[in-house]
Amino acid sequence: MPELPEVEVLARHLRPLLIGKKIRTVSVHRARVLEPTSAAQLKRALRGATFRKLARRGKYLVFELKRASARSPLTLVGHLGMTGRMYLLPRAASLPKHAAVVMDLGREQFVYEDTRYFGRFTLNANSISQLGPEPLNDEFNPKTFAAALARSRQAIKTKLLDQSLVAGVGNIYASESLYRAGIHPSRSVARIGLPRWQRLAAAVVEVLGEAITQGGTTLNDFADGEGNSGYFQVSLSAYGREGEPCARCGREIRRLVQSGRSTFYCPGCQR
DNA sequence: CACCATGTTCCTTG
DNA sequence: CCAAGGAACATGGT
C-alpha cells in the first residue's frame, strides 16, 4: 500500500493514535528492515521514548520522538516498500506472520509488518535528504520540474518514478497522471514543452489529491490490519485496465513495460 | 511451473 | 563522473 496518497492517509490515521504514547520495549523480528541501524541501537534509542510528531515526506513516514533523558529529539523513518503496513493492536493480540518490528505501548502494540520486507524502519534519515519537491506543496511547479530534466532523454514515465524529481509518485499514479495529462508514457522528456509540463504537473497534483480524499473513506481498514487496505477502492482510469475501453475515447487501454515495470495508457488519448 | 506485484538500491555497461 | 538498464531483495497470488 505504498505511494504518496496511501502513506498520507496512513499518517493521518496513525497521528492521533500515536502522539503522546510512550514506547516500553521494541522487539525486532526481521533486522533487515532496520538497516543500517542495528536491532540493539533501535531498542536502546526507543525504549522510554514518546511519540511527539508524525509527518510524511514523499513515501516516507517521519516519526519524531522525545527521549525521557534527553534534549535532542529522535527521528525514526518508516517506508512501506511494496507490502508494508503499520497499525496498532491490543496488547494481547497475536502478531501477523510477517511482523518485522513491534513496539509495546502498554495497552497496545504498534506493529510494522511487511510480507516482502522491502520496507524500512530505521534511525537513518539519509534517503529522505535525497528527495525532490513535494508535489502537494508550492515548491513543486512546472518550471522546477522541467529544469530538473535538462540532460535526460528518458521516457517521461520512467522519470516520474525518480524520487529526486518529484517525491511520492509511484508506478500506479505515474500511469494515472500521464493518462490524465494526455501524454504518452514513452515520450522523451527532451520532447516535452512547457504546455505539457504544466498539464502534467497539474495532473500529478490532482491525481494524488483525489486519491488521498478517496483513501480517507477506508481509514478503518488500517486500524485492525485485517483484510484489504482499501487501496484499490480508489478508482483508477488506466492502471491495471489493459484491454478495457478507455472511459474517454473508447479505445483499448494498453500495457507496456518500461525499465521492467508495467505502464498502462490509452493509445487514443495519450500522444 | 510461469508470470505478476504499490519500491529502492546496487552493479554493470556505455 | 554521469546516464541508463537490469538484477537483486523476498513472498505471495493467480
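Being a predicted model, the structure only gives us computed values, none of them experimental. In what follows, chains carry the letters A, B, and so on, assigned in the order in which the sequence lines appear, proteins first and then strands, with residues in each chain numbered from 1.
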Q) Ring stacking, A:Phe118 with base of C:dC9, under 5.5 Å and under 30°? A)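 The ring of A:Phe118 is stacked on C:dC9.
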Do [X] and [Y] meet the criterion of a side-chain donor-acceptor pair at a distance under 3.5 Å?
X: A:Lys157; Y: A:Thr263; value: yes
X: A:Thr122; Y: A:Asn124; value: no
X: A:Tyr173; Y: A:Glu6; value: yes
X: A:Arg116; Y: A:Thr83; value: no

Nearest-neighbour nucleotide for the [X] side chain, [options] considered:
X: A:His79; options: B:dG7, C:dG12, C:dA10; value: B:dG7
X: A:Tyr117; options: B:dG7, B:dT8, C:dT11; value: C:dT11
X: A:Tyr60; options: B:dG7, B:dT9, C:dT11; value: B:dT9

Would you say [X] reaches [N]'s phosphate, i.e. side-chain N/O to OP1/OP2 under 4.0 Å?
X: A:Arg261; N: B:dA5; result: no
X: A:Lys59; N: B:dG7; result: yes
X: A:Tyr173; N: B:dT6; result: no
X: A:Thr83; N: C:dG12; result: no
X: A:Arg30; N: C:dA10; result: no
X: A:His98; N: C:dA10; result: no

Q.
Looking at B:dT6, which nucleotide sits across from it as a Watson-Crick or G-U wobble partner, both distances under 3.5 angstrom, or is there none?
A.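 Because no pair has both required distances under 3.5 Å, B:dT6 counts as unpaired.
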Q. With both distances under 3.5 angstrom, what nucleotide forms a Watson-Crick or G-U wobble pair with C:dA10?
A.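 The base-pairing partner of C:dA10, which may sit in any strand shown, does not exist here.
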(Q) Please give the distance between the P atoms of C:dA10 and B:dC11 as a whole number of Å. (A)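 Comparing P positions in C:dA10 and B:dC11 gives a spacing of 15 Å.
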Q) How far, in whole Å, is B:dT6 from C:dA4 if one measures between their C1' atoms? A)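 Straight-line distance between the two C1' atoms is 23 Å.
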Q) Hey, is the side chain of A:Arg153 pairing donor to acceptor with the base of C:dA4 inside 3.5 Å? A)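 A donor-acceptor contact between them is absent.
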Q: Determine, for A:Glu8 against A:Arg12, whether the closest basic-nitrogen to carboxylate-oxygen distance falls under 4.0 angstrom.
A: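 So A:Glu8 pairs with A:Arg12 through a salt bridge.
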Q: Mind calculating the distance between CZ (A:Arg255) and P (B:dC4) to the nearest angstrom?
A: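 After rounding, the reported distance stands at 5 Å.
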(Q) At 4.0 Å (heavy atoms only), tell me whether A:Gly260 reaches a base, stays on the sugar-phosphate, or touches nothing. (A)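 Nothing, no heavy atom under 4.0 Å.
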Q. Base, sugar-phosphate, or nothing for A:Thr158, non-hydrogen atoms under 4.0 angstrom?
A.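 A:Thr158: no heavy atom of the nucleic acid under 4.0 Å.
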